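To start, the structure itself, in structure tokens.
All chains are named by letter (A, B, ...) in the order of the sequence lines, taking the proteins before the strands, and each is independently numbered beginning at 1. For clarity, every value in this text was computed on a predicted model and none was experimentally measured.
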Amino acid sequence: MNVRGQKTKSTTYKTIYKIVMQIPRGSVATYGQVAKLAGISGQARQVGYALNAITDNHIPWHRVINAKGEISPRSDSAFARLQRELLEHEGIKFSSQGKISLQLYGWKPATLLNK
DNA sequence: GGTCTGACTAGGT
DNA sequence: AACCTAGCCAGAC
């Protein structure tokens with residue numbers, strides 16, 4: 001935040017973006033996981049909103065999925081298709097039910113420790 | 001400035 | 001396994 005209400009698009013969002021950008025190619029993280037890493041444990045929803053507000057193409061928003069290992073459905077199904085496409089492009093495989101194995105592709109934040 | 005909304009989640013039916 | 005509910009809380013109106 002800031003004293004003068006400058007651009008503060010909410011430091012929360014910025015932190016979320018920072019975390020999301022840490023997710024390595026070929027891995028996925030859940031909203032809850034990102035929330036926790038961003039220091040806002042329990043506010044998985046905010047993560048979703050933050051991603052929704054993304055305009056920056058450099059943020060791998062598609063690597064964030066819900067706790068069920070599926071792509072969260074949203075108002076426009078076109079995004080879900082795109083997201084799946086992007087993930088498959090990174091080598092991530094979907095089950096017959098359209099789910100991703102978190103056990104297999106779930107991001108293990110050891111990457112963060114690398115600084 | 002009070003309400004409504006939602007890219008979530010965990011827990012209960 | 002599908003569906004419902006209650007917490008959550010920053011934006012949009």
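Taking the side chain of Ala44(A) as heavy atoms from C-beta on, and the options dG11(C), dT9(B), dA7(B), the nearest nucleotide is dT9(B). Among the nucleotides dG11(C), dC8(B), dA7(B), the one closest to the side chain of Asn66(A) is dC8(B). Which of dA10(C), dA7(B), dC8(B) sits closest to the side chain of Trp61(A) comes down to dA7(B). Nearest nucleotide to the side chain of Thr30(A), out of dC8(B), dT9(B), dA10(C): dT9(B).
No continuous path of hydrophobic side-chain contacts links Ile100(A) to Val34(A) [ILVMFWY only; heavy atoms under 4.5 Å].
Taking atom NZ on Lys36(A) and atom P on dC8(C), their separation rounds to 18 Å, with Å as the unit. To the nearest angstrom, P of dC4(B) lies 15 Å from CZ of Arg45(A). Ile40(A) places its CD1 atom 10 Å from the P atom of dC9(C), with the value rounded to the nearest Å. Residue Tyr31(A) contributes atom OH, which lies 14 Å from atom P of dA10(B) at whole-angstrom precision. One interatomic measurement links the two molecules: CG of Leu51(A) to C1' of dC9(C), which rounds to 16 Å at whole-angstrom precision. Nucleotide dT9(B) holds its C1' atom 14 Å from the CD atom of Gln33(A), rounded to whole Å. Here the C1' atom of nucleotide dA1(C) and the CD atom of Glu70(A) are 12 Å apart, to the nearest Å. Following rounding to the nearest Å, Gln43(A) (CD) and dT9(B) (P) show an atom-to-atom distance of 13 Å.
In this structure, Gln46(A) reaches the bases: a heavy-atom distance under 4.0 Å links it to at least one base atom across the strands shown. Within 4.0 Å (heavy atoms only), Asn52(A) reaches at least one base atom of the nucleic acid.
Between the side chain of Glu88(A) and the backbone N or O of Gln83(A), no donor-acceptor pair lies under 3.5 Å. Under the 3.5 Å distance criterion, the side-chain polar atoms of Gln22(A) are matched with a main-chain donor or acceptor of Lys18(A).
In this structure, Asn52(A) and Trp61(A) have side chains that are not in contact, with every pair of non-hydrogen atoms separated by 4.5 Å or more.
Side-chain nitrogen and oxygen atoms of Thr12(A) include none within less than 4.0 Å of the OP1 or OP2 phosphate oxygen of dA10(C).
More than 12 heavy atoms of other residues, nucleotides or ligands sit less than 6.0 Å from atom CZ of Phe94(A).
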